[in-house]
*Asks:* 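What follows is a structure written as C-alpha cells; I'll ask about it next.
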Number of protein chains: 2
Amino acid sequence: MNIRDIAKLSGYSSGTVSRVINNNDYVSEKARKTIKKIIKEYDYAPNDVARNLSNGKTCDIGVVLPHNKHPYYTQLVDGIMDEAFASGYRIVLLPSKFDSKTELKYLNRLRRKAYDSIIFTSHGLPLEKIYKYKQYGSIVCCQNPGEYDIAAAYTMRESSYIDALNWIKLHNFKKISILLSRDTTVSATAQKTFSAYEKVFNTAPKNELLNTNVTTFEDGYSAAKQFHANHQYPDVYFTNGDDIAAGVRQFYLDNSLEIPQLIGQENQLSGQILNIPTINHHFQQVGKLACRLAINNQTKQLPVESEFIFRQQKAIEN
Amino acid sequence: MNIRDIAKLSGYSSGTVSRVINNNDYVSEKARKTIKKIIKEYDYAPNDVARNLSNGKTCDIGVVLPHNKHPYYTQLVDGIMDEAFASGYRIVLLPSKFDSKTELKYLNRLRRKAYDSIIFTSHGLPLEKIYKYKQYGSIVCCQNPGEYDIAAAYTMRESSYIDALNWIKLHNFKKISILLSRDTTVSATAQKTFSAYEKVFNTAPKNELLNTNVTTFEDGYSAAKQFHANHQYPDVYFTNGDDIAAGVRQFYLDNSLEIPQLIGQENQLSGQILNIPTINHHFQQVGKLACRLAINNQTKQLPVESEFIFRQQKAIEN
DNA sequence: GTAAATTGTGGAACGCGTTCCATGTCAAGT
DNA sequence: ACTTGACATGGAACGCGTTCCACAATTTAC
C-alpha cells in the first residue's frame with residue numbers, strides 16, 4: 001500500500017494525496033475528506049525512508065561515542081538528546097570503542113547521507129582527516145579543534161584546573177599525584193592538566209607521581225596501591241573523576257592510613273557523598289550546544305567554562 | 001552525482017555499477033576496474049537512504065527510553081548498543097519522558113518503516129496498544145509482558161526481593177520502610193516489591209513507611225527526613241537504588257543519628273563505597289538479549305534473574 | 001560439433017513520497 | 001464582458017540504488 005494506491009482508491013492523484021498528508025494548501029475540503037477516509041480505511045502510513053530520500057534529509061544526527069559508561073558520555077548524550085528532541089531531530093548512537101577505522105566508517109555514512117550531521121563526543125581520528133568530511137554534512141566536535149575550522153562545543157578546563165592547583169599550592173601540598181585517564185599524547189584533557197600544572201608550579205609534574213589509564217574506582221584504588229608499593233606517598237591526588245578519587249580513598253581506608261587530600265572531577269555522586277572537592281564540567285550543557293550547532297550547521301566554537309568546587313574533606317573517615 | 005552518472009561516465013550501466021559496489025558476481029575484471037576508477041575519480045558514494053528504500057530496511061533499531069540519567073537506562077542502552085554494533089545495526093534514541101503520546105509517535109515511526117524494530121526500555125502505553133503495532137515490525141519490551149505475546153527481555157526481580165526481605169525478616173527488623181520510584185498503579189517493579197513483601201510477611205507494607213517517586217540521592221535524603229518529621233523511625237530501608245540508600249544514610253549522618261540498615265539496588269558505585277547490601281539486576285545483559293530479539297524478530301520472553309548481594313554495613317560511619 | 005551451462009551486461013521496473021509545471025475552474029475586480 | 005488572481009488537481013519527473021529479466025558471448029560437456 002503506497003501513496004499511488006491511495007490515489008487510485010480515492011480517485012485523486014498522488015500529488016493531491018501528498019498534499020493532504022502534509023496539510024498543504026490548495027486542497028478542497030471534499031478531496032481532503034475523501035482521501036483521509038481512504039487512508040484510514042486502508043490503514044495507510046507514508047514511508048519515512050522514501051520521504052527522507054525525497055526530502056534529501058533524514059533529521060538524524062549521528063553521535064560518535066566510545067561507550068556509554070562514563071558520566072562524560074552519558075551526560076553529553078543526555079544533553080544532545082534533549083536538544084535534538086526539542087527540535088524534532090533524532091540521535092543515532094555510533095559506538096566507536098576508540099577505534100579510528102570505526103570513526104571513519106561513520107564519517108562515510110555521513111557522506112552517504114545517512115545522517116544530516118555527526119557529533120564526535122571524542123575522536124581518535126586526527127582533526128585533519130575529520131575536516132575533509134566537512135563538505136558532506138555538518139560536523140561537530142566536543143573538543144577544542146584549535147586551528148581547524150570545525151564546529152565545536154567543549155569544556156574549557158584550564159582555568160578551573162589552575163584554580164584547583166592554586167588551591168593545592170596555597171595549602172602547601174608538595175607531593176602531588178596526578179591520575180589521568182589517557183596519555184598526554186592522545187588526550188587534550190591530559191595536556192591541559194599538564195599546562196595548568198606548569199603555569200602554577202613553573203615545572204612539570206613529577207613522573208613518579210603520575211599515572212595514566214585511570215578511569216574507574218578500581219583504577220584509583222590500584223593506582224594508590226601501586227604508589228605505596230613504590231614507596232611514593234602523595235599528599236594530594238588530582239584525579240580525573242570523583243569516582244577515581246573515591247577509589248584512592250578506599251585504599252587508604254582499607255589500610256588504615258591517613259587519607260590524603262583528594263580532588264575529583266565531574267561532580268559525581270561519590271564526590272558528593274564523600275565531600276571530595278571537584279571540578280564541574282557542565283557536560284550536559286556542552287551536549288546541548290553541540291547539538292544546536294549540528295542542527296543549525298554553524299561552524300562556531302563554543303567553550304563552556306568549568307569550575308572548581310571546593311569542599312572540606314572530613315577529617316575523620318570511616 | 002549518482003549511480004547513473006557513474007554508469008554514463010564509465011560506459012557501463014547502472015546495474016553493473018551497482019554490482020561492482022556491492023561486490024556481486026558476474027562482473028568482469030575490466031568492468032570492475034574501470035568503474036572503481038571512475039568512482040574514485042568523482043568521489044562517489046552511494047546514497048544510504050536510497051539504499052534503505054530499495055532494500056526495504058534500515059538496520060536501525062529505535063530505543064524508547066524516558067531519559068538517560070538512571071543506571072537502569074544507561075546500562076540497558078549500553079547492552080543494546082554492544083549487541084547492535086556487533087550485528088551491524090544502529091540504535092536510534094527515542095526519548096519518551098514517560099509520555100504515552102510520544103511513545104505512540106515512535107510506534108508510528110515503526111509503522112512508517114523508519115526503524116526495523118523498536119525496543120521499549122519502559123513504557124507508559126498499555127501493552128494492548130503496543131501489541132497492535134506488532135504487525136508493522138519487531139517490538140521488544142524490557143518488562144514482563146504477561147499474557148501478551150510480545151517479545152521481551154526483563155529482570156526477574158521477585159525472587160531476589162524475597163531473598164532480601166527474608167534476610168530482613170531473619171534479622172528481626174520490624175519497621176520496614178519501602179522507597180519506590182513509581183507508584184504501584186503504574187510500575188511493575190513496585191508491584192513486585194509489594195507481592196514479595198506479602199509473600200514474606202503475609203501482610204501488606206505499612207503505608208506510613210512507604211514513599212513513592214524516590215529516584216535520587218536527594219530524594220532518599222528527603223524521604224528519611226520526612227519520616228522523622230512524622231515521627232516514623234524505620235529500622236530498615238528497602239530502596240530502589242544504592243544512590244537512594246546513600247541519600248537516606250546521609251540524612252542520618254547529618255543529624256548524628258544511628259544509621260539504620262539499608263538495602264539498595266543496582267549495584268551502584270555508591271553502594272560499593274558504603275558497603276550497602278544491594279540487588280544486582282544485570283541490566284546490560286537484559287539489553288543484549290532485548291537487542292538480539294529485536295534483530296532476529298523473535299517473539300520470545302527471556303527473564304534474567306536478579307540477585308541479592310549481602311554486604312556487612314560498617315558499624316561506625318564517618 | 002552442437003547442446004547446455006556459465007559469465008557478463010543493459011535496461012526497465014520497482015521501492016515511494018515530493019514537487020514543479022501545466023491546465024482548468026470560478027469568483028472578484030474594472 | 002474581460003482580465004486577473006486564487007483555488008484545485010493531475011501527472012510527469014525527480015531523488016537514487018537494487019534487482020529481475022532478457023539477451024549475448026563464451027566455455028564446458030558429451
Side-chain angles (χ1 to χ4, degrees), chain A residues 1-39 42-60 88 108-116 136-137, chain B residues 1-39 42-60 88 108-116 136-137:
Chain A
M1 179 69 42
N2 63 35
I3 200 168
R4 269 169 262 263
D5 295 325
I6 296 297
K8 264 179 222 149
L9 287 163
S10 64
Y12 287 90
S13 72
S14 63
T16 305
V17 176
S18 176
R19 277 171 222 125
V20 168
I21 290 169
N22 295 298
N23 269 313
N24 279 355
D25 282 351
Y26 301 135
V27 178
S28 68
E29 250 340 286
K30 192 181 146 219
R32 199 175 292 279
K33 256 194 186 157
T34 316
I35 291 170
K36 278 196 171 169
K37 197 175 137 240
I38 299 285
I39 287 176
Y42 289 86
D43 190 35
Y44 165 72
N47 182 305
D48 265 346
V49 181
R51 226 169 188 170
N52 288 342
L53 175 61
S54 188
N55 289 328
K57 64 175 198 158
T58 61
C59 288
D60 281 347
N108 275 312
R109 291 183 57 77
L110 175 72
R111 181 161 157 240
R112 301 203 305 233
K113 309 276 179 222
Y115 317 119
D116 294 353
Y136 303 117
Chain B
M1 181 69 42
N2 64 36
I3 201 167
R4 269 169 263 262
D5 295 326
I6 296 298
K8 263 178 224 150
L9 287 162
S10 64
Y12 286 89
S13 72
S14 63
T16 304
V17 176
S18 175
R19 277 171 222 126
V20 169
I21 290 168
N22 296 297
N23 269 313
N24 279 355
D25 284 350
Y26 300 134
V27 179
S28 67
E29 251 339 288
K30 192 181 148 222
R32 199 175 292 278
K33 258 193 185 155
T34 316
I35 290 170
K36 277 197 170 168
K37 196 174 139 246
I38 298 286
I39 286 176
Y42 288 86
D43 189 34
Y44 166 72
N47 182 304
D48 265 346
V49 181
R51 226 168 188 172
N52 288 342
L53 175 62
S54 188
N55 291 327
K57 64 175 197 158
T58 59
C59 287
D60 281 347
N108 276 310
R109 291 183 58 77
L110 176 70
R111 180 160 158 239
R112 302 202 307 231
K113 310 275 179 221
Y115 318 119
D116 294 354
Y136 303 117

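Residue numbers begin at 1 in each chain, while the letters A, B, ... track the order of the sequences.
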*Asks:* For A:I21 and A:P46, work out which heavy atoms get closest and say how close.
*Replies:*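 Where A:I21 meets A:P46 most closely, the heavy atoms are CG2-CG, 4.1 Å.
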
*Asks:* Show each protein N/O and nucleotides 20-24 of chain D N/O combination with a separation under 3.5 Å, one pair to a line.
*Replies:*
residue : atom : partner : partner atom : Å
D:dC20  : N4   : B:R19   : NH2          : 3.1

*Asks:* Going by side-chain hydrogen bond (donor to acceptor under 3.5 Å, both in side chains), name the residues that satisfy it together with B:N108, two or more places apart in sequence or in a different chain.
*Replies:* B:R111, B:Y133

*Asks:* Give me the first and last nucleotide of DNA chain C, going 5' to 3', that has any atom under 4.0 Å from a heavy atom of chain A.
*Replies:* C:dC16 to C:dC20

*Asks:* For A:D48, answer base if it contacts any base atom (sugar-phosphate contacts may also be present), sugar-phosphate if it contacts only those atoms, and nothing otherwise; contact means non-hydrogen atoms under 4.0 Å.
*Replies:* nothing

*Asks:* Where along residues 24-32 of chain B does a heavy atom fall under 4.0 Å from DNA chain C?
*Replies:* B:Y26, B:V27, B:S28, B:A31

*Asks:* Looking at B:D60 and B:Y115, would you say the former's side chain and the latter's main chain have a donor-acceptor pair under 3.5 Å?
*Replies:* no

*Asks:* Looking at side-chain heavy atoms only, is the closest gap between B:Y42 and B:L9 below 4.5 Å?
*Replies:*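 Counting from C-beta outward, B:Y42 and B:L9 do come under 4.5 Å.
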
*Asks:* B:Y44: which residues meet the ring-ring contact (aromatic ring centres under 6.0 Å, His included) condition with it, sequence neighbours left out?
*Replies:*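 Partners of B:Y44 under the ring-ring contact (aromatic ring centres under 6.0 Å, His included) test: none.
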
*Asks:* Contacts to DNA chain C from residues 1-9 of chain A, heavy-atom cutoff under 4.0 Å, which residues?
*Replies:* A:N2, A:I3, A:R4

*Asks:* Does a side-chain heavy-atom distance below 4.5 Å link B:I38 with B:V17?
*Replies:*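 B:I38 does not reach B:V17 side chain to side chain.
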
*Asks:* Quick check: on DNA chain C, is the nucleotide nearest A:A45 upstream (toward 5') of the one nearest B:T16, or the reverse? Name the residue that is more 5'.
*Replies:*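 Nearer the 5' end of the strand: B:T16.
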
*Asks:* When the C1' atoms of the five terminal pairs at each end define the local axes, what inter-axis angle does the helix from C:dG1-D:dC30 to C:dT30-D:dA1 show, to 10 degrees?
*Replies:*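 Helix axis angle between the two ends: 30°.
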
*Asks:* Nearest 0.5 Å please: distance from the CD1 atom of B:I35 over to the OH atom of B:Y12.
*Replies:*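 Spacing of CD1 (B:I35) from OH (B:Y12) equals 6.5 Å.
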
*Asks:* Do side-chain atoms of B:S18 reach the backbone of B:S14 as a donor and acceptor pair under 3.5 angstrom?
*Replies:*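 It does not hold such a pair.
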
*Asks:* Tell me, please, which residues at least two apart from B:S13 pass side-chain hydrogen bond (donor to acceptor under 3.5 Å, both in side chains).
*Replies:*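 Listed in chain order: B:T16.
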
*Asks:* Base, sugar-phosphate or nothing for B:N52? Non-hydrogen atoms, less than 4.0 Å.
*Replies:*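 Here B:N52 touches no strand at all.
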
*Asks:* Taking any heavy-atom pair under 4.0 Å as a contact, classify A:S18: base, sugar-phosphate, or nothing.
*Replies:* base

*Asks:* Considering residues at least two apart in sequence or located in another chain, which fulfil the side-chain hydrogen bond (donor to acceptor under 3.5 Å, both in side chains) criterion with A:R51?
*Replies:* A:N22

*Asks:* Which residues satisfy the side-chain contact (heavy atoms from CB on, under 4.5 Å) test with A:N52, sequence neighbours excluded?
*Replies:* A:T58, B:V49

*Asks:* Partners of A:R112 by side-chain hydrogen bond (donor to acceptor under 3.5 Å, both in side chains), sequence neighbours excluded?
*Replies:* B:D48

*Asks:* With sequence neighbours left out, write down each residue that passes salt bridge (Lys or Arg N to Asp or Glu O under 4.0 Å) with B:R19, or none if nothing qualifies.
*Replies:* none

*Asks:* List the atom of A:M1, the atom of A:I6, and the distance in Å for their closest heavy-atom pair.
*Replies:*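 Heavy atoms of A:M1 and A:I6 come nearest at SD-CD1, 3.6 Å.
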
*Asks:* Answer yes or no: is there a donor N or O on one side and an acceptor on the other, between the side chain of A:S54 and the main chain of A:A50, under 3.5 Å?
*Replies:* no

